Amino acid sequence: MDYDLVIFDNDGVLVDSEPVANTILAGYLTELGHPTSYEDSLRDYMGSAVHRVHDLVQERTGQTLPADFDETLHKRVFAAFERELVPVEGVVEVLAQLTTDSVPYCVASSGSHERIRVGHRKTGLDAWFPDEIVFSADDVGRGKPAPDLFLHAAQRMGFSPARCIVIEDSVLGVRAAVAAGMDSYGFTAMTPADKLIGAKGHFQKMTELPVLLKSTKRSE
C-alpha cells in the first residue's frame, strides 16, 4: 500500500449511524420550531460536529437552541443506538485485513468520544479500536470541514499528512481531508460520488476498499 496510515470516519463508515442520528436530529429540530426534514439534516449536518447545528440555526433564524440541546440530543441518539445500531457491512473484514497486513489505522470522528464509544460497544468495534487510536472533534475544538481533527490524528499516530488516506462518506469530511493535505476515498453508500468533490476515488461497498488501498498511488 502506498499510504502509511488509514484514517476512518466513524458515522456512516464504521457504524451505520447516519440514518438513525439524522432522523432523530431532524425530529428534534422540528419539535423546537425549526422545521427540518431527514433530507435537510443529511445535507446540512452529516459529518459535522454538533456546534454546526447551533451555528446554522442561529445564522438562519437569529435564534439560539436551548442550553440543554446537546445533552437531550445525545440522550435520544444514544438510546436509539442501543436499540438499532449495527456495523457497516464488511467493515470488520476490512479491519481484519489491515491488521493482517500490519497497516496502521485509526478513527477520526466529528462525534464526541462518548458517542464513538457507545456505538463501538454496541457493534463490537471496540475490539478493533483501543483508546489510543480514537480521535474526536472534542480533542481539537473545531470539527470538519476544518482540517484540525485529521491533522491531530496524523500527528498523534506519528505520520505525515501526505502519507495518510482518509475514508469518508460526507461532503464536509472530504473537504476536511483536502484541507489537511490528505488523499481520501469517498464511500458512496449514502452520498453520491458527484457530491464528494475532492476525493481521489469512490467506492460503494466496503468490500471494495482493500483493493483500492492496494492499487492506488498517493498524490504527490
Side-chain angles (χ1 to χ4, degrees), residues 8-66 68-91 107-112 115-116 118-119 122-123 136-137 142-146 149 166-179 184-199 201-206 208:
F8 289 95
D9 175 43
N10 187 58
D11 293 293
V13 173
L14 298 177
V15 295
D16 195 13
S17 54
E18 294 291 9
V20 177
N22 282 281
T23 296
I24 291 170
L25 175 57
Y28 187 26
L29 285 173
T30 300
E31 177 186 320
L32 293 172
H34 306 288
T36 305
S37 69
Y38 172 70
E39 291 74 19
D40 293 337
S41 186
L42 288 178
R43 181 195 65 224
D44 293 340
Y45 305 121
M46 181 174 165
S48 68
V50 71
H51 67 75
R52 180 176 171 85
V53 183
H54 291 266
D55 293 344
L56 283 187
V57 168
Q58 186 164 39
E59 176 184 316
R60 291 169 174 174
T61 70
Q63 301 176 26
T64 58
L65 293 170
D68 64 349
F69 177 84
D70 294 9
E71 180 181 0
T72 301
L73 176 65
H74 291 154
K75 284 181 178 178
R76 294 183 183 187
V77 169
F78 295 166
F81 281 2
E82 292 292 350
R83 296 190 304 267
E84 306 172 38
L85 196 62
V86 295
V88 167
E89 184 176 0
V91 78
V107 58
S109 172
S110 288
S112 66
R115 176 179 172 133
I116 298 167
V118 167
K122 170 61 177 176
T123 59
S136 160
R142 289 198 307 168
K144 306 165 191 176
L149 176 57
V166 175
I167 313 303
E168 266 287 354
D169 71 330
S170 74
V171 174
L172 297 178
V174 172
R175 284 172 56 191
V178 171
S184 65
Y185 289 136
F187 183 38
T188 63
M190 288 192 63
T191 306
D194 62 359
K195 300 290 186 184
L196 299 175
I197 298 170
H202 303 88
F203 65 105
Q204 189 169 24
K205 296 182 179 180
M206 194 57 65
E208 301 168 18

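These numbers were taken from a predicted model, which means no experiment stands behind them. Numbering starts at 1 and runs along the sequence shown.
Shown here for Pro19 and Met190, the closest heavy-atom pair between the two residues is CD-SD, 3.9 Å. Here the shortest heavy-atom pairing between His202 and Thr188 reads CB-CG2, 3.9 Å. Heavy atoms only, all atoms of each residue included: Val88 and Asp16 are closest at CG2-N, 3.8 Å. In this structure, Leu149 and Ser110 approach most closely via the heavy-atom pair CD2-N, 4.1 Å. Nearest heavy-atom pair, Tyr38 versus Glu18, reported as atom, atom and distance to 0.1 Å: CE1-O, 4.4 Å. Across all their heavy atoms, Leu172 and Lys144 have their closest contact at O-CB, 3.9 Å.
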Report all side-chain donor-acceptor pairs from residues 25-34 shorter than 3.5 Å, counting only partners two or more places apart or in another chain.
residue : atom : partner : partner atom : Å
Thr30   : OG1  : Ala26   : O            : 2.8
Thr30   : OG1  : Thr36   : N            : 2.9
Thr30   : OG1  : Thr36   : O            : 3.1
Glu31   : OE1  : Arg76   : NH1          : 3.1
Glu31   : OE2  : Arg76   : NH2          : 3.2

* **Worked check of side chain to side chain contact (heavy atoms under 4.5 Å, CB included) between Val91 and Val13** => CA-CA 8 Å; Val91 78; Val13 173; 5.7 Å; no

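Ion pairing between a basic and an acidic side chain is recognised when a charged N comes within 4.0 Å of a carboxylate O; Asp40 and Arg43 show such pairing.
For the residue pair Thr191 and Asp169, no side-chain donor N or O sits within less than 3.5 Å of a side-chain acceptor on the partner.
Atom CD1 of Ile167 and atom CE of Met206 lie 7.5 Å apart (nearest 0.5 Å). The CG atom of Leu42 sits 8.5 Å away from atom OG of Ser37, with the distance rounded to the nearest 0.5 Å. Considering CZ of Phe78 and OG of Ser112, their distance stands at 4.5 Å, rounded to 0.5 Å. Ser17 contributes atom OG, which lies 8.5 Å from atom CE of Met46 (distance to the nearest 0.5 angstrom). In this structure, Leu196 CG and Phe187 CZ are separated by 11.0 Å, a value rounded to the nearest 0.5 Å.
Residues that satisfy the ring pair (Phe, Tyr, Trp, His ring centres under 6.0 Å) test with His54, not counting sequence neighbours, are Phe69. With sequence neighbours excluded, no residue satisfies salt bridge (Lys or Arg N to Asp or Glu O under 4.0 Å) with Glu39.
With Arg175 as the partner, the side chain to side chain contact (heavy atoms under 4.5 Å, CB included) test is satisfied by one option alone out of Ser184, Ser170, Pro145: Pro145.
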